[in-house]
Amino acid sequence: MMGRTKWIYVAGLITHFVLIILVTSRQTLSVFLQNKTAGPGPLMPRVAELEHVETMALGGDLPTSNLWRRAVVAYTNGTGINTGYGFFAPTVAIPRKLVFEIRYASGEVEYELPRVGDKATGLRLVLLLEAIANTDNVLLRKTMLKMMAFSVWQRHREAEAIRVVFGTVMWPSASEFRRGKRAEYDVLFAYDFRFSADVSPLNR
């Protein structure tokens, strides 16, 4: 019995590391294919083929209802495998900015940025904002921002509405900065939310 348990642990460990290799190498190849860093130009067709094979192995080509794809997504999300390497080199996350515009019935408007309690939470917020920016599912993106807006509304319950503005911070180059140019805020999307004390934020 102990021998069987040992082999189960070994199989689980091997599966874990195989998933790490597949996810991290696919992210690296995706960077090359998107021309975000110096890539092996003549080998690009082979790189694309390998990236496609890894995507298939991870269930990326399967329907979202497929059990294998759902299991891989759940495990890689739960263990953090799918976020580790993409945040660091060779491609650093693009600076994102999230602003809450708090509107009152009187016409008064306040602005608030996301609050974090420590550095670890701040890092998770950076990863969350990057995930929101990269998602193609509009409903999922809106739901995530709505839940964040709800936490702001809980501190400003007299607010009539909360507008969420999400964008990218465009930093100038060194030469542009010397000429007086400063960072610019490029708005990607914005949503207006209204909440009430007796309704869940997910039901409105």
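In this chain, numbering begins with 1 at the start of the sequence shown. All values derive from a computational prediction rather than experimental measurement.
- Residues that satisfy the ring pair (Phe, Tyr, Trp, His ring centres under 6.0 Å) test with F100, not counting sequence neighbours, are absent from this structure.
- Within the structure, every pair that satisfies the side-chain hydrogen bond (donor to acceptor under 3.5 Å, both in side chains) test and touches residues 95-104, not counting sequence neighbours, is listed here: R96-E130, R96-T168, E101-R103, E101-Y111, Y104-E110, Y104-H156.
- Between the side chain of T15 and the main chain of A11, a donor-acceptor pair closer than 3.5 Å is present.
- Counting heavy atoms from C-beta on, the side chains of V99 and Y185 come closer than 4.5 Å.
- Pairing each heavy atom of A159 with each of W153, the nearest pair is O-NE1, 3.9 Å.
- With sequence neighbours excluded, the residues that form a side chain to side chain contact (heavy atoms under 4.5 Å, CB included) with Q154 are F150, S151, R157.
- Using a 4.5 Å heavy-atom threshold, the side chains of L13 and Y9 count as separate.
- When the ring pair (Phe, Tyr, Trp, His ring centres under 6.0 Å) test is applied to H16, the partners found at least two apart in sequence or on another chain are Y75.
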Apply side-chain contact (heavy atoms from CB on, under 4.5 Å) to residues R141 and F166 and explain how you reach the verdict. CA-CA 11 Å; R141 177 203 304 154; F166 188 98; over 6 Å; no
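- Between the side chain of W68 and the backbone N or O of A57, at least one donor-acceptor pair lies under 3.5 Å.
- Put simply, the side chain of I132 reaches to within 4.5 Å of the side chain of M148, judged on heavy atoms.
- Here the closest heavy-atom approach between residue V164 and residue L98 is recorded as CG1-CD1, 3.3 Å.
- The two atoms that bring T24 and I20 nearest to each other are OG1-O, 2.7 Å, heavy atoms only.
- Listed by first then second residue, pairs satisfying salt bridge (charged side-chain N to carboxylate O under 4.0 Å, His left out) with a partner in residues 55-70 number zero, not counting sequence neighbours.
- Side-chain contact between M147 and F193 is absent, with no heavy atoms from C-beta onward closer than 4.5 Å.
- Among pairs with a residue in residues 159-170, those fulfilling salt bridge (charged side-chain N to carboxylate O under 4.0 Å, His left out) read R163-D192, at least two apart in sequence or across chains.
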